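The structure under discussion appears below in the form of structure tokens.
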Amino acid sequence: MSITPEQPVVPKLKYNAILNVLSKGQRIDKRSVYSYRPITVKTNVIPNAEGSALVSVGSTQVIAGVKLEIGQPYADTPNEGVLIVNAEFLPAASPTFEPGPPDENAIELARVVDRSLREPKVIALDKLCIIPGKRVWIVWLDIYVMDHDGNLLDASMLAAMAALASARIPRIVSVDPNTGDVKVNRSVREDRLPINKLVCTVTIAKIGRYLIVDPNLEEEAIANAKLAVSISEDGLIVGMQKMGMGYFTEDEVKSAVGIAMNVAPKLIETLRKAVQS
Amino acid sequence: MSITPEQPVVPKLKYNAILNVLSKGQRIDKRSVYSYRPITVKTNVIPNAEGSALVSVGSTQVIAGVKLEIGQPYADTPNEGVLIVNAEFLPAASPTFEPGPPDENAIELARVVDRSLREPKVIALDKLCIIPGKRVWIVWLDIYVMDHDGNLLDASMLAAMAALASARIPRIVSVDPNTGDVKVNRSVREDRLPINKLVCTVTIAKIGRYLIVDPNLEEEAIANAKLAVSISEDGLIVGMQKMGMGYFTEDEVKSAVGIAMNVAPKLIETLRKAVQS
Amino acid sequence: MSITPEQPVVPKLKYNAILNVLSKGQRIDKRSVYSYRPITVKTNVIPNAEGSALVSVGSTQVIAGVKLEIGQPYADTPNEGVLIVNAEFLPAASPTFEPGPPDENAIELARVVDRSLREPKVIALDKLCIIPGKRVWIVWLDIYVMDHDGNLLDASMLAAMAALASARIPRIVSVDPNTGDVKVNRSVREDRLPINKLVCTVTIAKIGRYLIVDPNLEEEAIANAKLAVSISEDGLIVGMQKMGMGYFTEDEVKSAVGIAMNVAPKLIETLRKAVQS
Amino acid sequence: MGLDKERPQLIVNGRRIDGRAPDELRPIEMEVGVLKNADGSAIVSFGNTRVLAAVYGPREVMPKHVAMVDRAVIRCRYRMLSFSTEERKSPAPSRREIELSKVIREALEPAIMSELFPRTAIDIFIEVLNADGGTRTTGITAAALALADAGIPMRDLVAGVAVGKVDGVIVLDINKVEDMYGEADMPVAAMPGVGRITLLQLNGVLSRDEFSQALALALRGIRKIYELQKEALRRKYVSTTEEV
Amino acid sequence: MGLDKERPQLIVNGRRIDGRAPDELRPIEMEVGVLKNADGSAIVSFGNTRVLAAVYGPREVMPKHVAMVDRAVIRCRYRMLSFSTEERKSPAPSRREIELSKVIREALEPAIMSELFPRTAIDIFIEVLNADGGTRTTGITAAALALADAGIPMRDLVAGVAVGKVDGVIVLDINKVEDMYGEADMPVAAMPGVGRITLLQLNGVLSRDEFSQALALALRGIRKIYELQKEALRRKYVSTTEEV
Amino acid sequence: MGLDKERPQLIVNGRRIDGRAPDELRPIEMEVGVLKNADGSAIVSFGNTRVLAAVYGPREVMPKHVAMVDRAVIRCRYRMLSFSTEERKSPAPSRREIELSKVIREALEPAIMSELFPRTAIDIFIEVLNADGGTRTTGITAAALALADAGIPMRDLVAGVAVGKVDGVIVLDINKVEDMYGEADMPVAAMPGVGRITLLQLNGVLSRDEFSQALALALRGIRKIYELQKEALRRKYVSTTEEV
């Protein structure tokens, strides 16, 4: 059962203050309406992961890791590797998060990231086949939210993308096509995980009648609704998700998409720098 | 832990009214003590199921569906198909049902249906072997209670039986006895699922000292206990289950069995008509 | 989440009484500080188990059973059998135990028993290989606490050890090294499960400044902490676990180990007698 | 989308695999008030996609601490019955079902006047009987009818449909095959009377122009479905009145 | 009941596979008061079937909302220990165990004067130590003794036994092999002193005559078990008194 | 410890596989106050073992019945992130994680002045980011810093380290390879300022002398770690002051 969540209490004064600066094209933290908080991306932070990244967007912190394991392909894609995305909101990240299996918010986040990677074929899964129909690389992408100050999705997508793009594949020592036995030496990592293109999400929040990007926790608390737009480096829309209990008009949706397409290249650039280094 | 259930509150007036008409051989809904409410059986209501039936008994509604899948036989019956029966009480069906995995009542219902099908060999499981010891048809029978107005078991058994008897087996395209690889074309359904005989259950409720069949929800609320008798079309007793917190005397049990054997042929006839059409 | 447990309420009077006799080197049940309550070990109490033992230490009762099944070895020990230890505190055993999956106390107990068996190689797992890399004996050791009057670990370890040492292996009728097919006749049991050495645990409780062995339920309720020392029949320390919310000084730890090493041979002797008969 | 092998041609001579024009809905059936116990209920079919929705409430909340002092809580569960899909679906709730329960709830929340019923719950159960594409939007359409049938005050009905891109063409109300082999699947729900989009997801790849075109097509389809909803409610109201 | 291959002959010269006559019970042992902590307890064996029952209560109910204002709630759990069966049983509760917990509770409810203890719980734990057929009826027999041992007022003891049809013969107190290869297994429980049948299940196929015959045989067996129960309680009472 | 095949030689010329002397700690890093939302937090690394600890509290307890009238309840969870290990770890809590959550809680309880905060909860979350041996003791060391960072009054800090026996030699601060192929792994935690051992486990085989030697080595190592803890807290305090 999905249930109406408890609404965070935002004092009227605060609410008015946020709206007031928005009416002047500003944010309470001095940002412009279409700009992000400072972003940092650190890759290869987890020695045991084949790829990893720690991302901060303002005070929001997310860590993502990639583990590569040998497994069986899906029956309908016998010559392709498999991508599995999970997300968890650590109870460390917020006083309101509780320990336990991922809730609907974490599941939604993981599934939006998953679709945004899968649909534009971000990973070249066709290059991850080891024995056709029998053995392929399974790409486990695990995302953990460590500190929650709003806009978890965009931070998670950046961490996911950076972890994938910096991942390297362990050495395959031997392959027996008959038995399906594949021996791997995990202590040696060689080729990069093959990536076709970079993707990011841009989350636009609607507060009153205003649209802003990268809402922080206070802004999210008073936002009517959010629209996340996934955009690939070649400028296509590769995913979309309306979130929250409010609505958008057709015009608002179109504006939001336009804003997202303007902002996305900067995020893609940030990613490119982080994974090249 | 099985726990004493909350007793539905039945006003004393109602209770006396029901008992009063019963003492005259009647029911509050004008039925005679040994007659069923109107029964409808619609088969093939679910295109994606190999067999399906929607049954109503008065206002009680149950839907059952059969899915056929390729799988492995049990080790002790290597040349037989496998039957798996599940039942769920949808939260839509009653204000007292909660979402979640099947509770003890749903599990008991599924197991009584299962035994009533298994013991008299209703399905010719021996004809569902594809590769001896390796591949057989798995018969998944899923029962969902949609609207609860009493006597869920008899309605469920009717739906289950009708779904099975109207099911058709998907075409097997190829079989490789060595690898166990079986290819199926689900878009073409051919032979009927082989059925040896039809079976029904007749549930007798005890209210005060009176025995009645097909109790509705109000009658169940004040019944001391129920006895379900499963009967095959050749007039044998193929299952039995006492339910509820009360008891029966030896004489009451014998009377109940007699009533059930008298009533069963009508239910079997209803089933026969529904699955022939 | 592990959570501070509810503290049992021990009347001040009782507490003082226990401390008072301890100060004279005595226990409230007349035992000396380093002696166990009466111990009984009955083996082969469960006909369907390959090995079993019912152990009582005072009023504490534990039953352990061994089931042997054919299964696959772990990838890193292809020529060895597999040991799996589970423990459950039956709700029958104490008014404070609730039905459900094992809690952290039962899991800790099982894992301490497991390590105390695994590290000193109590079972000759290398003799339980049937087809190298493919088929080995799986040793399922299940421990159930039936009545809780303190010191569950030592009683459980005695029951586990006695069940293992009295277990006999079912007859293997046929082995097909190619298919991995192994036929077993469970109605005939032959060789003993190969045991390299006997092991016991000695649990020392700290009450005030005093160290005692085999605390009963009342003593456990007021103990600051416990130290369990696992000792093999050849006098080595093969495991250790500090339990409880208190602490030990370095000297207390050393004293406790000394006490345990003195007491262990008596427990080993009790075991030896029980499994020889 | 996946499943490239044996991919069928989805558009032939401007017609879709089931013969429809690109902007054509499947045959739609709606029946309101199909259950006795539920406060409101409806079954809606879009072609072979068939969904039951049932509503209980406003009613007492259990457990109590879930209640809110200023509004009713909306609880929503979307599920697929085991036999509704081509391969049997395990009855354990999938991650997909958990996500869809959330987005469906968020698609209905803007329409329900929940502020009128503080400290209560409104429970919405959506059971997919047969799945052939567009189950979430069919479910939203059915749930809106069930809410109305339960007499719960709403700002407007909510109707939904999935548009998509198949063989390069933007099409309305995609079915399972089009979803599986197409380039994009975009479910949309809206309150047509007040012009509010309450659900919007995109699973696939679109250019900005294609997106605008798809959104407009969805909103046109939704308006047609909305008319069918109002007619179904009228039918129910008339037949109930006649019975009296 | 499946497993046709290598099916043994179950009746030879009028004797059963373990040498018993058709209407003969297995050796029965009963011990009352076997646990220190439980308010009442008993171990009962029918041949190799061996079951422990423990009772706590009447006691405070947690969580409180489960309590009833006019009676004690009875909570009952039937379980098989992992090593009690030929193949190791997984400790996760099976559907069979969940069903049996319910029918056993319903077999005991009519005997317990729960109306004397409103707002409390009576907890019954049945642990199958070794399973060789008839575990539910052995469990009911043990639970009745444990309830009596706990001093809980009862209208009568409850005793149970499984009858069956093997090789065409109606037999009393079937064991595992007879259950597995026989034509029918029918567990029955009753309050013999007052003539009330509180559990009745049939797993198999019987004619109407065979059913009547089987039921009568079960009730005769139950009367014998009932005498053994009373003796076991007397023994406990005497030994307790002697200790004093 | 298993895995006998291809067992590497662990001590060569008195040096360990990573070049350390037997009584040498790995490089240790500690950072306090790494999270914004948590009341206290720290990341501690022992070589490649890297653990995050976060503390919330004292705060209101939910559900309420868990609260204690005379003290704060301590709740503790130890977890390994999925990618922290060589083979991906399933996110379902393992029995190992459940046991370690308990022993870590019991290692911290003696230090926390929980009697000052009755009816509240102090929640400790330990997340293993990368595992290379000694994760529980690294976690305890980090948790003590997080508790101090949260301003929770403590009797002393708690620091921990795992000692072991490899190739017959007693060594300090064992890493994963030494744990896997060595003869014994003995995690120890203590409050060094007051000489109290709060965690002690042995997984392996030791003689009595070896045990005494190992315990003494552990306590020496713990004292060094304790100094680093105090320094890390001082650093945090100074930098915070400077910011002001």
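Note that the structure is a prediction, hence the values are computed from the model and not measured.
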*Applying ring pair (Phe, Tyr, Trp, His ring centres under 6.0 Å), name anything that partners B:Phe89, two or more places apart in sequence or on another chain.*
B:Phe97
*Who passes side chain to side chain contact (heavy atoms under 4.5 Å, CB included) against D:Ala53, sequence neighbours left out?*
D:Ile126, D:Ala142, D:Ala143, D:Ala146
_Nearest heavy-atom neighbours spanning D:Ala54 and B:Ala92_ = CB-CB, 3.4 Å
*asked:* According to ring-ring contact (aromatic ring centres under 6.0 Å, His included), does anything in residues 96-118 of chain D pair up with another residue at least two apart or in another chain? List the pairs.
replied: none
Across chain B and chain D, what donor-acceptor pairs are shorter than 3.5 angstrom?
| from | atom 1 | to | atom 2 | distance (Å) |
| --- | --- | --- | --- | --- |
| B:Asn48 | N | D:Asn130 | OD1 | 2.8 |
| B:Asn48 | ND2 | D:Ser84 | O | 2.7 |
| B:Asn48 | ND2 | D:Ala131 | O | 2.9 |
| B:Gln61 | NE2 | D:Val34 | O | 3.0 |
| B:Lys67 | NZ | D:Thr85 | O | 3.1 |
| B:Lys67 | NZ | D:Glu86 | O | 2.5 |
| B:Glu69 | OE2 | D:Arg88 | N | 2.8 |
| B:Glu88 | OE1 | D:Arg79 | NH2 | 3.3 |
| B:Glu88 | OE2 | D:Arg79 | NH1 | 2.6 |
| B:Ala92 | O | D:Tyr56 | OH | 2.8 |
| B:Ala93 | O | D:Asn37 | ND2 | 2.8 |
| B:Ser94 | N | D:Tyr56 | OH | 3.1 |
| B:Pro95 | O | D:Arg59 | NH1 | 3.4 |
| B:Asp142 | OD1 | D:Arg88 | NH2 | 3.0 |
| B:Asp142 | OD2 | D:Arg88 | NE | 2.8 |
| B:Asp142 | OD2 | D:Arg88 | NH2 | 3.3 |
| B:Tyr144 | OH | D:Ser82 | N | 2.9 |
| B:Tyr144 | OH | D:Ser82 | OG | 2.9 |
| B:Asp147 | OD1 | D:Asn37 | N | 3.1 |
| B:Asp147 | OD1 | D:Asn37 | ND2 | 3.2 |
| B:Asp147 | OD2 | D:Lys36 | N | 2.3 |
| B:His148 | O | D:Asn37 | ND2 | 2.7 |
| B:Asp149 | OD2 | D:Lys36 | NZ | 3.4 |

*asked:* Please rank B:Pro95, B:Ala93, B:Ala49 by heavy-atom pairs under 4.5 Å with chain D and give me the top one.
replied: B:Pro95
_Can you tell me which portion of B:Pro101 sits under 4.5 Å from chain D's heavy atoms? Options are side chain, backbone, both or neither._
neither
_Using heavy-atom distances under 4.5 Å, tell me whether D:Phe125 contacts chain B through its side chain, its backbone, both, or neither._
side chain
*Checking heavy atoms, do the side chain of D:Val34, its backbone, both or neither come under 4.5 Å from chain B?*
backbone
*D:Leu52 versus chain B, the contacting section by heavy-atom distance below 4.5 Å*: side chain
_Heavy-atom side-chain proximity of B:Ile46 to D:Leu81 below 4.5 angstrom_ = no
